[in-house]
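Since the structure is predicted, the reported quantities are computational estimates derived from the model, not experimental observations. Whatever order the structure lists them in is the order used to number ligands and atoms, beginning at 1. Numbers for residues simply follow the sequence, beginning at 1.
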Amino acid sequence: MPGSMAHDAGMETIDLHTHTTASDGSLSPGELVAAAKQAGLKAVAVTDHDTIDGLTEAAAAGRDLGMEVIPGVEISVERADSDSGMHMLGLWVEPGHAELGAFLDRLKQGRAERNPKIVAKLNELGIPVTMEMVQEISGGGQVGRPHLAQALVKVGATGSTQEAFNRYLGNGKKAYVPKFRFQPDEAIAMLRKAGALPVLAHPGLLELGKQALERLITGLKGMGLMGVEAYYSEHRPATTKALVSLAARLDLVVSGGSDFHGAAKPAIALGRGKGGLAVPASLLAGLAQARDRLRAAGR
Ligand code: AMP
Ligand code: ZN
Ligand code: FE
Ligand code: FE
């Protein structure tokens, strides 16, 4: 079972990595929080790509439904050893933090510049997608490659969104266009200033060997990283286990989530990933303590 570790049947679980219509998920923030309540989760974090626009609605839904909602974000950052980049989660961001808002605006601007370039490349390849079509699919939030993938399926250029990534949109593929990213130290410093715990997202997707991964994470810790996402839909149990012990050795806290996107990634279920994911609610205590240490230390 991908992503799972041995756990009690009745264990309380959480999901600290989800997307809404504010980025490339298909549920609105309110719907997401309702779905988390329905799924019986103890807490859910909303971590949209490069935006905190969904957090006010999510917090209101959390209050209405009596659901613990952790305001978060997932920031794309550069990666020294590869041009594919990596993702930094921030948990407990202060919604409405002005400097963080301006920081994220720079990323939004990068997306706004990139998307028409991808559409132009697709048009050159004879594929009749338009920005209007992509914007309609996105439902008004941030536009990302998953929306472009849906547009490719819609016009019949590919049979699935995964095929759209494999043939056109994935890193280095025919219609790939790089986007502006901050350096990891810049994103970590910004998150800490906004009161948020910086957590490296899905380290298992970086495709690094044990030693290279440890070097990378040690380097990020030197920049202020405080946690790693050990539990993740696409992590094998052995990966999760190795990350939990690495975190303990490096004095980092452990987080976990599904990367739920709703219908935009139908294979991933909220809280359960591909079926075997179970993120223990007991992780919350360590994460909250780290957040409190960060805030007490003046960030
Ligand atoms: P963007 O933020 O617009 O660059 O889109 C990034 C999102 O695209 C990621 O969160 C993934 O959901 C998706 N994605 C990126 N590469 C792939 C891939 N090779 N296969 C499937 N999905 C991908
Ligand atoms: Zn996404
Ligand atoms: Fe990610
Ligand atoms: Fe994500």
Side-chain angles (χ1 to χ4, degrees), residues 3 15-27 32 44-52 54 72-79 82-91 104 107-119 121-122 131 134-135 137-138 141-153 158-182 184 187 198-207 228-229 231-235 255-268 270 273-274 277 279:
D15 191 334
L16 303 186
H17 187 157
T18 71
H19 296 272
T20 76
T21 47
S23 65
D24 54 1
S26 63
L27 299 187
L32 186 272
V44 66
V46 174
T47 56
D48 278 304
H49 297 283
D50 306 334
T51 183
I52 53 175
V73 65
E74 181 176 24
I75 300 178
S76 306
V77 298
E78 291 287 354
R79 175 178 165 191
S82 155
D83 59 13
S84 62
M86 56 187 181
H87 289 169
M88 194 62 63
L89 293 163
L91 297 177
L104 297 174
L107 295 169
K108 290 181 192 174
Q109 188 195 328
R111 279 177 185 280
E113 288 163 10
R114 173 208 213 192
N115 294 320
K117 289 187 194 163
I118 298 179
V119 167
K121 280 199 173 188
L122 290 168
M131 269 315 292
V134 176
Q135 259 142 10
I137 291 168
S138 83
Q142 290 259 82
V143 171
R145 283 181 289 164
H147 301 124
L148 287 146
Q150 286 167 264
L152 283 169
V153 173
T158 62
S160 70
T161 53
Q162 189 55 55
E163 190 193 341
F165 274 99
N166 296 345
R167 287 178 60 192
Y168 299 107
L169 302 172
N171 293 3
K173 305 296 180 192
K174 278 186 268 188
Y176 179 69
V177 177
K179 69 170 186 264
F180 170 79
R181 303 185 190 105
F182 287 106
V199 172
L200 180 64
H202 41 67
L205 300 191
L206 298 172
E207 293 179 327
V228 290
E229 187 177 50
Y231 294 81
Y232 185 69
S233 297
E234 315 272 354
H235 284 171
S255 186
S258 66
D259 213 353
F260 176 73
H261 282 71
K265 274 193 193 174
I268 308 280
L270 187 59
K274 291 184 164 172
L277 181 73
V279 184

Give the atom numbers and elements of ligand 1 that come within less than 4.0 Å of a heavy atom of Pro146. 5 (O), 7 (C), 8 (O)
Can a donor-acceptor pair be found between the side chains of Glu229 and His17 at a distance below 3.5 Å? yes
Show which atoms of ligand 1 fall inside a sub-4.0 Å distance from at least one heavy-atom site of Lys179. 1 (P), 2 (O), 4 (O)
What is the nearest protein non-hydrogen atom to atom 20 (N) of ligand 1, stated with its residue, atom name and distance? Gln162 NE2, 3.1 Å
Side chains of Glu234 and His202: donor-acceptor distance under 3.5 Å anywhere? no
Are any side-chain N or O atoms of Asp83 and backbone N or O atoms of Gly85, one a donor and one an acceptor, separated by less than 3.5 Å? no
Polar side-chain atom of Thr47 near backbone of Thr18 as donor-acceptor pair, under 3.5 Å: yes
Say whether Asp259 and Ser233, considering side chains only, have a donor N or O and an acceptor N or O under 3.5 Å apart. no
Of the N, O or S atoms in Asp259, the one nearest the Fe ion (ligand 4): OD1
Taking the N/O/S atoms of His87 one by one, which is nearest to the Fe ion (ligand 3)? ND1
Consider only side-chain N and O atoms of Asp24 and His147, and report whether a donor and an acceptor are under 3.5 Å apart. no
For atom 11 (C) of ligand 1, the protein heavy atom that lies nearest, with its residue and separation: Lys265 NZ, 3.7 Å
Might you work through the side chain to side chain donor-acceptor pair (under 3.5 Å) test for His19 and Glu74, ending with a clear yes or no? CA-CA 9 Å; His19 296 272; Glu74 181 176 24; 3.0 Å; yes
Is the distance between the Fe ion (ligand 4) and the nearest N/O/S atom of His202 smaller than 2.8 Å? no
Would Arg114 count as being in polar contact with ligand 1, using the rule that some N or O on each side must be under 3.5 angstrom apart? yes
Number the atoms of ligand 1 from 1 as they appear, then name those within less than 4.0 Å of a heavy atom of Gly144, with their elements. 3 (O)
Side-chain (Lys173) to main-chain (Phe165) donor-acceptor, under 3.5 angstrom: no
Examine all N, O or S atoms of His17, backbone included, and report whether one is under 2.8 Å from the Fe ion (ligand 4). yes
Does any N/O atom on Arg145 come nearer than 3.5 Å to any N/O atom on ligand 1? yes
Do side-chain atoms of Arg111 reach the backbone of Val143 as a donor and acceptor pair under 3.5 angstrom? yes
Please verify whether a non-hydrogen atom of Arg111 lies at under 4.0 Å from ligand 1. yes
Can you tell me which residue and heavy atom of the protein come closest to atom 19 (N) of ligand 1, and the distance to 0.1 Å? Phe165 CB, 4.0 Å
For the CG atom on Asn166, are there more than 12 heavy atoms of other groups (residues, nucleotides or ligands in this structure) within a distance under 6.0 Å? yes
Considering both backbone and side-chain atoms of His49, is one of its nitrogen or oxygen atoms within less than 3.5 Å of a nitrogen or oxygen in ligand 1? yes
Minimum-distance atom from the Fe ion (ligand 4) among N, O or S atoms of Glu74: OE1
